[in-house]
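Note sheet for the following structure.
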Amino acid sequence: MLSRLVLVSGHTLKNSGSFGACLVQASRSFHQSSQSLAPVPPLPEKGGKVRHGIFPEELFTLLYPKTGVTGPYMLGTGLLLYMLSKEIYVINHETFAAASIGAVVIYGIKKFGPSVATFADKLNEDKVAKAQEVKDQAMATLAHGIEDEKKEQWRVEGRHFLFDAKRNNVAMLLETNYRERLHMVTNEVKKRLDYQVALQNLHRRMEQEHLVNWVEQSVVKSITPQQEKESISKCIADLKVLAKSTQAKATV
């Protein structure tokens with residue numbers, strides 16, 4: 001029954017040329033569409049489960065709901081018997097050669113497979129480590145570049161504060177220069193005023209000295225020799241009286 005189902009399905013697919021054309025057209029449209037630009041999912045590190053070395057596990061799980069646990073094995077056995085009974089496949093010397101080669105290949109895989117797999121895994125790990133190192137370096141460089149860019153943006157944002165500070169500094173410098181010049185002008189004016197005051201005081205003092213000298217000279221000139229003698233005698237007499245009174249007080 002399974003052989004008939006397979007045969008009917010094969011003839012149907014063989015005769016349905018439009019179906020194959022549709023598949024080709026769909027594949028072309030898929031590869032030419034925008035979906036081909038989508039990121040490719042990462043490849044699995046390990047392959048799927050297989051049975052007997054070549055048959056995928058998905059085939060068995062697909063047939064289990066319809067045929068049960070023995071369905072896949074019966075399907076394979078029926079296909080083999082059908083091909084042998086219809087002489088689609090004829091057993092000859094090439095079959096024995098293929099069996100021998102297959103046995104040698106299986107033995108080599110069983111014998112040297114783990115060591116070769118370990119070596120291949122090591123090579124793959126080395127490649128992945130180098131790629132990861134390059135990626136980490138690139139990420140570090142990009143992160144450093146991002147930090148520098150953020151720092152520059154921060155500096156640009158704070159540039160108006162710097163300009164305001166510079167404007168304030170220039171304004172303060174101008175104000176300082178203005179005050180210094182104003183102070184210098186004030187000092188110069190004060191010096192000139194002090195000079196004028198000192199000059200007036202000098203004139204006044206010289207006038208007073210001249211007036212005193214003139215009065216003194218006038219008084220001296222107005223005194224006659226007789227008045228001078230009388231004045232001297234009067235002074236001597238006063239001195240004698242003053243001396244006697246002093247001696248009297250001392251004796252008492």
Side-chain angles (χ1 to χ4, degrees), residues 21-50 56-58 61 113-218:
C22 292
L23 290 177
V24 173
Q25 184 66 25
S27 63
R28 289 180 180 176
S29 64
F30 177 76
H31 288 289
Q32 293 177 358
S33 64
S34 60
Q35 294 180 356
S36 61
L37 302 177
V40 181
L43 295 176
E45 297 182 358
K46 296 181 179 180
K49 294 182 179 180
V50 294
E57 182 68 23
E58 288 78 5
T61 57
S115 58
V116 174
T118 304
F119 178 74
D121 291 338
K122 184 178 179 181
L123 292 178
N124 189 23
E125 289 177 357
D126 293 338
K127 292 180 180 180
V128 171
K130 291 181 180 179
Q132 186 67 29
E133 182 180 0
V134 174
K135 178 182 177 181
D136 293 339
Q137 292 178 356
M139 291 294 290
T141 303
L142 294 176
H144 184 68
I146 291 172
E147 292 296 330
D148 293 340
E149 183 64 24
K150 289 181 178 179
K151 187 181 294 183
E152 293 299 327
Q153 292 178 0
W154 173 75
R155 290 177 179 175
V156 170
E157 291 177 356
R159 185 176 297 176
H160 64 279
F161 295 107
L162 178 62
F163 289 161
D164 292 340
K166 288 185 177 180
R167 292 191 189 96
N168 294 330
N169 291 334
V170 172
M172 292 176 63
L173 182 61
L174 294 176
E175 183 68 21
T176 303
N177 292 333
Y178 170 73
R179 295 300 177 91
E180 288 179 354
R181 292 177 181 178
L182 186 62
H183 182 67
M184 182 179 65
V185 172
T186 304
N187 290 333
E188 293 296 328
V189 172
K190 185 177 181 298
K191 287 179 181 179
R192 284 169 174 78
L193 294 175
D194 292 340
Y195 173 75
Q196 294 295 330
V197 171
L199 184 61
Q200 292 178 3
N201 293 331
L202 179 62
H203 288 169
R204 188 179 297 108
R205 187 174 67 254
M206 291 182 68
E207 290 175 354
Q208 290 177 356
E209 290 179 357
H210 178 70
L211 182 61
V212 170
N213 291 330
W214 179 77
V215 171
E216 185 179 355
Q217 290 177 3
S218 297

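Because only heavy atoms are used, hydrogens play no part in the values below, and waters and symmetry mates are left out as well, while side chains stay in.
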For residues 192-218, the salt bridge (charged side-chain N to carboxylate O under 4.0 Å, His left out) pairs (sequence neighbours left out) are E188-R192, K190-D194

Quick one: pull up [atom1] in [X] and [atom2] in [Y] and give me the separation to the nearest 0.5 Å.
X    : Y    : atom1 : atom2 : answer
T61  : E58  : OG1   : CD    : 5.5 Å
M172 : R179 : CE    : CZ    : 11.5 Å
N168 : E175 : CG    : CD    : 12.5 Å
E149 : L142 : CD    : CG    : 12.5 Å

Exercise. Under the side chain to side chain donor-acceptor pair (under 3.5 Å) rule, what do Q132 and D136 come out as? Steps first, then yes or no, please.
Key: CA-CA 6 Å; Q132 186 67 29; D136 293 339; 3.1 Å; yes

Here the pair of heavy atoms bringing R167 nearest to D164 is NH1-OD1, 2.8 Å

Inset, instruction - Carefully, step by step, assess R159 and F163 under the rule side-chain contact (heavy atoms from CB on, under 4.5 Å). - result: CA-CA 6 Å; R159 185 176 297 176; F163 289 161; 3.4 Å; yes

| E152/R155 salt bridge by N-O under 4.0 Å criterion | yes

Would you say NE2 of H160 has more than 12 non-hydrogen atoms from neighbouring residues, nucleotides or ligands within 6.0 angstrom? yes

E180 meets the side-chain contact (heavy atoms from CB on, under 4.5 Å) criterion, sequence neighbours left out, with T176, N177

Practice prompt. State, yes or no, whether a side-chain contact exists between S218 and W214 at a heavy-atom distance under 4.5 Å.
Written response: yes

### Message
Are T118 and K122 packed together at the side-chain level, in the sense that at least one heavy-atom pair is separated by less than 4.5 angstrom?
### Response
no

Can any side-chain N or O of N124 pair as donor or acceptor with the backbone N or O of A120 at less than 3.5 Å?
-> no

